[in-house]
Structures are given as C-alpha cells and as structure tokens.
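Have a look at the structure below before the remarks.
In this text, all values refer to a predicted model and were calculated from it rather than measured experimentally.
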Amino acid sequence: MRVRSLTAAGVVAAMLALAGCGGGSDDAGASGPADLRMTIWSANAKHTALFEQIAAEYQKTHPEVGKITFESIPYENYTTALTTQIGGGNVPDLAWILESTAQDFVTSGALAPIDKDPDLVPSTTKTWEQDGQLFAYPFSTSPLGVFVNTDLVTAAGRPAPAQQVAAGHWTWDQAVATGAAVQKAGKGGIVVGDFDYKGWDTLNSIWAGWGARPWSEDGKTCGFDQPEMVNAMTAIHKMVFTDQAMPGPGVTKDFFAGDAAMVLTQISRAALLEKAKFKWDLVPLPKGPAGEYAVVGQAGIGVLKRGKHVDAAKDFLAFFTNQENSAKLAAFFPPPRKSQLTTAVLAKANPLLEPAQLQSVVIDGIERGDIKTSHTGYAELQQTVRAALDPLWKPDADVKAVMSGVCAKINPLLAK
C-alpha cells in the first residue's frame, strides 16, 4: 500500500509537468459547437442542479458552446483521477482543484491564466497566483467552524459554547471539558471532520491555535519538531487518550446523525443539518494558546491549458463566477467577493445560519483566516507524514520523538 501511494504521488507530479507543455485550441468553428467538461468532486444533486441551471443560462446567449458537462469524481481519489485523465490525453476544459494541490497545478503550468476581478478579497487569491497572474478562481473559500449539538452538551451538564463565546471563555480547555463530558455520557465528544486518523492535515483546525505549522512559509523547513507543533500534538494526544474528549482510533461518531457533541468542519456542511432531529449551533474555533485564529478551506476552478476549448472555457468560467452567479453559489460555497461578504447576502443564501453565525465564522474567518496547508509535491508529502504519524496514535506514544521522526522523513522532500 505504501509503495502504491508514493508511486501515485510521483505520477501526479509527472502528469502535471506534462500538462504544462503545449496549449489547447478553440476549434468550434471547424468542428461545430464546443462541448465543455468540468470535473468536480461533489455528487450532491442540489449542487449539480444549480451548476446545470447556470450552464443553461450561459448557453442561451452562447450558441457557439454545445453541451456543458459536470463530471463528478469521488473526493477520495479526485486529484489522482484528474491527473490520470490529463496524462492520458482526456483533458477536461475546467476542473475543481484542492488548495492542497494548488501549488502543483499553478507552478507546473497546467493551468491557463484568467482575468482577476478586483472584487476578489486579496487573501482568497494568494494560493492561486504566480508572477502577478491568477490561475484559478477561488470559488469556495470556506472557513472552518465548530458545529455543536446543544442537546448533548446540555444533557452532559456543560455550558453552551455560544454562551462561552459571549463571555469570552470559549477556549480549547473548555472545548475539551465539554467533549469529555459528552463522551463520558456515551456519545462522541470532539470530532475533526475528515480526519479518522488518516487525514492528518485536517488537524490544522486545532494546531493553528497553538501557532503551529507543518513547514515554514517558504516550504523548506520542517515544522513538526518545533515547540508549537509538539505542544499542539501533545494536546491532541491528551484529548484522545487522557481526557477522552475525542473518539479514539477505529471509533466513528457521526455528528450529523446526532452521535457527537461537536465537529470541526467547513460551514458548507450546514446543509447536512437541514433535517436534524437535535438542536444545533455554529461557533468559531476555540481560542488556543496562541490566541484567536481561523482556518479556511479553499477550492479553485481552473482552465486546463491543454483543454480543447481554452478560450470558451475561460469565458464560461467568467460567467459561472460573475456577481449574479456567485450569489447563487454562495448557498453552498462561501464567496470570495468583497461585495458579497455581508450578512445580508450570506443569510439569503444560507437560511439555516443566523446572521451572527455568518459574521463570526464566515466573514471574520475569510478576512483573517489562514488557507489550509499546501506544498509542491503534496501528494507524496501527505502520504509520508501520514505513515510517520502512525506511532502517535497509541496511548504511550512519545510525542516529541514521533514529531522528530516526521521531520526526518520529510526533510528530503522539502529540500527538493
């Protein structure tokens, strides 16, 4: 399994390097209307219905564009499947891109530059820029927050996190105490969305509160063995094995099914609570030893340079993300536009969330939050760190030694 993962990581890098060679062409005039294809990782029927509605509107005034297809690829192997398509010559015209692989796509030359709208919040475009050009539109800029099952918290005799926020007491110590009380009562405590002791990079929703980073800003120096990360990982280890405030390895607790007190995840998951049978709330991430903080997950839409209809794809992307359609997309994907980061706009698109929740978690989070971890060659780094962290998830783990071991493994990769 380990060899296969690293091989796949190498394939990703090689295929993206190949994708940067040469360019596509718009041949609609010679072969009839240009059919466009965009790869996405969502299979949500409401998402695709909205995309198709926007596409239909575009086609009314663009007869030169034929069929517009949204091809869903499972999230778990999305990047590998996408780069396999690119390497095999089956290049999509547009593609969703994860923030974790942004540097690979941008620096490889696989993407065509697009126009930069001045309405975009500068912090949302940084990941997708190179040499003053923008290579993907940051269509989903989604801060992480804490969804709370207030029924479970109250039943466990703990104060509601919203009350602690109002009183200035919402800290990681308080969150851990609440998670432990709920787990003691038989449910799950603190769940980190998409972690499951595999997706280690999702833990940035916690370690950022300690001021920790997996590597330096320039990507050349390992940060796992630095005091901030050692302290953060020590706290996480204690949450799991000493405080018992987080479900342990092999234990699954689904917050959205009512099985956990809290989940740290992106606010776009609020739609899963539309038919919830429990009372819930949304609050910012707890204050950590380094102070208040915010973490933002992001995805971009890029135009593939080797696609068949580059110019048509750029024009459709501009339409897909214009003011009007960005407001529609805001129902699922928080917008990167300054003009739309208001409680009025967001409340209209997100009726399940209160204006105060939208302000504290979404607007404040986008304006001051850090984009989730990224690096060139990320697929290989991700697999290497995951394997090196495996010894951490045992009750008697030597956290400092494990963190030093992570750096020993990834230093050669960071030096590339």
Side-chain angles (χ1 to χ4, degrees), residues 44 46-47 142-196 202 205-206 209 239 243-248 251-288 292 294-295 297 330-334 343-366:
N44 186 305
K46 292 183 178 180
H47 293 177
S142 186
L144 279 76
V146 184
F147 286 98
V148 181
N149 184 323
T150 53
D151 286 347
L152 291 182
V153 170
T154 300
R158 290 290 300 167
Q163 295 174 348
Q164 295 180 315
V165 171
H169 299 156
W170 182 230
T171 65
W172 267 108
D173 286 343
Q174 291 298 321
V176 169
T178 297
V182 173
Q183 282 205 176
K184 187 175 181 180
K187 293 287 188 176
I190 302 167
V191 174
V192 179
D194 301 317
F195 171 45
D196 195 27
T202 62
S205 57
I206 300 178
M239 287 182 209
D243 302 313
Q244 296 188 352
M246 288 177 63
V251 179
T252 300
K253 295 293 183 180
D254 184 354
F255 172 86
F256 298 98
D259 294 333
M262 292 171 273
V263 63
L264 280 59
T265 191
Q266 293 170 315
I267 66 99
S268 53
R269 303 289 178 89
L272 297 173
L273 292 166
E274 186 174 1
K275 298 181 180 179
K277 296 181 180 179
F278 55 88
K279 293 179 181 178
W280 60 273
D281 201 354
L282 173 66
V283 297
L285 296 169
K287 183 179 179 180
E292 295 183 351
V295 176
F332 307 106
F333 310 105
T343 54
V345 171
L346 293 174
K348 184 177 180 180
N350 299 271
L352 291 178
L353 300 177
E354 298 293 332
Q357 295 171 328
L358 293 167
Q359 179 67 51
S360 64
V361 179
V362 182
I363 298 175
D364 294 348
I366 289 176

### Task
Using the side-chain contact (heavy atoms from CB on, under 4.5 Å) rule, take V148 and V153 through it: C-alpha gap first, then chi angles, then the decisive distance, then the call.
CA-CA 8 Å; V148 181; V153 170; 3.8 Å; yes
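- Panel note: side chain W172, backbone G209; no donor-acceptor pair is recorded below 3.5 Å.
- Pairing each heavy atom of D243 with each of A180, the nearest pair is O-CB, 3.4 Å.
- Nearest heavy atom pair, residue P355 against residue T343, reads O-CG2, 3.6 Å.
- Checked against salt bridge (Lys or Arg N to Asp or Glu O under 4.0 Å), K253 has no partners two or more places apart in sequence or in another chain.
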### Query
L282 and L353: side-chain contact (heavy atoms from CB on, under 4.5 Å), yes or no, with the steps?
CA-CA 8 Å; L282 173 66; L353 300 177; 3.9 Å; yes
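- Side chain of Q357 to main chain of E354: a donor-acceptor pair is present (N/O by atom type, distance under 3.5 Å, no hydrogens or angles).
- Here the closest heavy-atom approach between residue P286 and residue A175 is recorded as CG-CB, 3.9 Å.
- Side-chain atoms of T150 come within 3.5 Å of backbone atoms of K279 as a donor-acceptor pair (strictly under, hydrogens ignored).
- Residues satisfying the side chain to side chain donor-acceptor pair (under 3.5 Å) test with K46, not counting sequence neighbours, are E274.
- Under the 30°/60° scheme for interplanar angles, the aromatic rings of W280 and F147 are found to be tilted.
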### Task
Show your working on side-chain contact (heavy atoms from CB on, under 4.5 Å) between L273 and F278 and close with a plain yes or no.
CA-CA 9 Å; L273 292 166; F278 55 88; 3.7 Å; yes
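- By the salt bridge (Lys or Arg N to Asp or Glu O under 4.0 Å) test, D194 pairs with R269, sequence neighbours left out.
- When the side chain to side chain donor-acceptor pair (under 3.5 Å) test is applied to D173, no partner is found at least two apart in sequence or on another chain.
- Residues meeting the salt bridge (Lys or Arg N to Asp or Glu O under 4.0 Å) test with D281, sequence neighbours left out: none.
- Annotation: side chain of L285 is in contact with side chain of L264 (closest heavy-atom distance under 4.5 Å).
- Residues V361 and P284 share a closest heavy-atom pair of CG2-N, 3.7 Å.
- Counting only distance, with no hydrogens or angles, the side chain of N149 and the backbone of D151 share a donor-acceptor pair below 3.5 Å.
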### Query
After noting the C-alpha distance and the side-chain angles of V192 and M246, does the key distance pass the side-chain contact (heavy atoms from CB on, under 4.5 Å) rule?
CA-CA 9 Å; V192 179; M246 288 177 63; 3.9 Å; yes
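- Remark: F256 engages no residue in a ring-ring contact (aromatic ring centres under 6.0 Å, His included) (not counting sequence neighbours).
- For the pair P247 and I190, the tightest heavy-atom approach, listed with the atom from each and the gap, is CD-O, 3.2 Å.
- No option in R158, Q164, Q183 other than R158 meets the side-chain hydrogen bond (donor to acceptor under 3.5 Å, both in side chains) test with T178.
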